[in-house]
Amino acid sequence: MAGKRIIMMGPPGGGKGTQAKRIQDRYKVVQLSTGDMLRAAIATGSPVGKQAKSVMDAGKLVSDDVLIAMIDERIDQPDCANGFILDGFPRTIPQAEGLERLMAKKGLKLDAAIEVRVPDEKLLERLTGRFTCAKCGEGYHDKFKLPKKAEVCDVCGGTQFSRRSDDNADTVKTRLKAYHEQTAPLLPFYERKGVLKVVDGDREMSLVFADLERILGL
Ligand code: AMP
């Protein structure tokens with residue numbers, strides 16, 4: 001697994017973040033979630049955060065330039081030397097072209113672009129029910145994965161949970177539209193490059209993970 005550089009794609013709520021985290025934890029390649037980076041920028045009140053907040057709350061995409069600059073800088077950090085999984089980036093053709101340029105500049109090769117495929121009708125329910133432990137970030141769901149003991153995190157014992165402000169029904173619809181219009185065209189883009197792999201994400205998490213391990217030759 002050393003040196004792998006992977007893109008995880010798929011609709012919002014398709015489970016790409018969950019699977020990317022699993023790969024990170026097991027194989028020590030770093031997960032780079034642009035959504036998490038932007039939420040961190042909002043939390044610290046940085047200029048990028050200020051610019052991104054209203055766009056994210058509306059379920060739209062933050063500008064390509066901001067995202068490309070963010071990733072350019074991030075993959076130079078020492079923790080990326082052993083490989084990385086891009087989670088939520090690229091999301092547009094210009095971002096994919098930007099990524100190609102900056103990886104070429106750094107002498108890096110893309111190993112795989114994975115599509116975690118889930119039908120639209122499953123996504124609304126998945127997104128509007130999800131919440132995370134505020135202390136360790138473990139993910140839960142109102143219907144599919146409640147903590148074993150009510151309101152106590154299974155992993156760290158934390159008792160505070162949070163929900164993303166963009167996981168409401170209206171914003172989810174805009175996010176899905178952005179996915180179909182702006183991100184789905186990346187699938188043929190990576191297919192033409194011979195790196196696209198498709199995983200059926202409409203199954204239990206551990207089955208999806210097993211497929212990923214097989215596909216990536218982990
Ligand atoms: P996520 O956590 O991946 O669902 O991303 C949450 C929100 O952050 C998205 O709805 C976008 O507003 C913004 N965002 C994250 N990644 C990108 C990206 N690569 N390009 C543009 N906007 C992004």
Side-chain angles (χ1 to χ4, degrees), residues 5-24 30-44 46-75 84-103 110 113-118 120 122-134 137-141 162-187 189-190 201:
R5 291 175 184 89
I6 304 159
I7 296 173
M8 290 289 270
M9 289 190 297
K16 59 186 184 311
T18 305
Q19 297 296 339
K21 184 170 187 308
R22 282 195 172 198
I23 296 177
Q24 163 176 272
V30 68
Q31 172 190 12
L32 305 181
S33 158
T34 45
D36 283 351
M37 290 180 203
L38 290 168
R39 282 184 286 277
I42 292 174
T44 58
S46 73
V48 165
K50 290 201 172 99
Q51 193 185 330
K53 177 147 182 30
S54 57
V55 180
M56 289 171 73
D57 281 344
K60 299 196 169 145
L61 296 185
V62 177
S63 86
D64 292 333
D65 294 352
V66 167
L67 269 294
I68 294 167
M70 210 160 138
I71 287 295
D72 192 1
E73 206 181 298
R74 183 65 186 86
I75 61 183
F84 51 78
I85 310 162
L86 291 168
D87 161 15
F89 179 92
R91 256 178 160 97
T92 64
I93 293 281
Q95 288 181 19
E97 291 168 347
L99 177 66
E100 229 177 8
R101 273 195 305 276
L102 69 87
M103 286 185 72
L110 180 68
I114 296 168
E115 178 196 2
V116 183
R117 193 175 284 175
V118 179
D120 265 18
K122 301 285 176 75
L123 298 169
L124 184 66
E125 185 181 45
R126 280 198 187 193
L127 285 161
T128 53
R130 70 183 183 177
F131 60 97
T132 51
C133 170
E138 181 70 3
Y140 294 96
H141 193 280
S162 62
R163 287 176 193 264
R164 278 173 47 174
S165 58
D166 59 351
D167 278 347
N168 64 78
D170 275 351
T171 309
V172 163
K173 284 185 192 128
T174 313
R175 288 163 65 198
L176 282 176
K177 191 165 176 273
Y179 179 73
H180 288 297
E181 290 178 2
Q182 292 170 273
T183 309
L186 295 183
L187 301 170
F189 176 93
Y190 286 115

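Given the structure is predicted, the values throughout are model-derived calculations rather than measurements. One-based numbering, in listed order, for ligands and for the atoms of each.
In summary, Arg175 and Asp167 engage in a salt bridge, as defined by a charged side-chain N under 4.0 Å from a carboxylate O. Salt-bridge annotation for Glu181 and Lys177: present, with a side-chain N of the basic residue lying under 4.0 Å from a carboxylate O of the acidic one.
By the salt bridge (charged side-chain N to carboxylate O under 4.0 Å, His left out) test, Lys122 is found to be paired with Asp202, residues two or more places apart in sequence or in another chain being considered.
Counting only N and O atoms by type, the side chains of Thr92 and Asp64 include a donor and acceptor under 3.5 Å apart.
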When you look at Asp87 and Phe89, which way does the side-chain contact (heavy atoms from CB on, under 4.5 Å) test go after all the steps?
-> CA-CA 6 Å; Asp87 161 15; Phe89 179 92; over 6 Å; no
Filter the ligand 1-protein atom pairs down to N or O on both sides and distance under 3.5 Å, then list them.
residue, atom, partner, partner atom, Å
ligand 1, 2 (O), Arg39, NH1, 3.1
ligand 1, 2 (O), Arg39, NH2, 2.9
ligand 1, 2 (O), Arg164, NH1, 3.1
ligand 1, 2 (O), Arg164, NH2, 3.4
ligand 1, 3 (O), Arg91, NH1, 3.1
ligand 1, 3 (O), Arg91, NH2, 3.1
ligand 1, 4 (O), Arg91, NH2, 3.4
ligand 1, 4 (O), Arg164, NH2, 2.9
ligand 1, 5 (O), Arg91, NH2, 3.4
ligand 1, 12 (O), Lys60, O, 2.5
ligand 1, 16 (N), Thr34, OG1, 2.8
ligand 1, 16 (N), Gly88, O, 3.4
ligand 1, 16 (N), Arg91, NH1, 3.0
ligand 1, 19 (N), Gly88, O, 2.9
ligand 1, 19 (N), Gln95, OE1, 3.0
ligand 1, 20 (N), Gln95, NE2, 2.9
ligand 1, 22 (N), Val62, N, 3.1

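A distance-only check finds no donor-acceptor pair linking the side chain of Thr171 to the backbone of Asp166 [under 3.5 Å].
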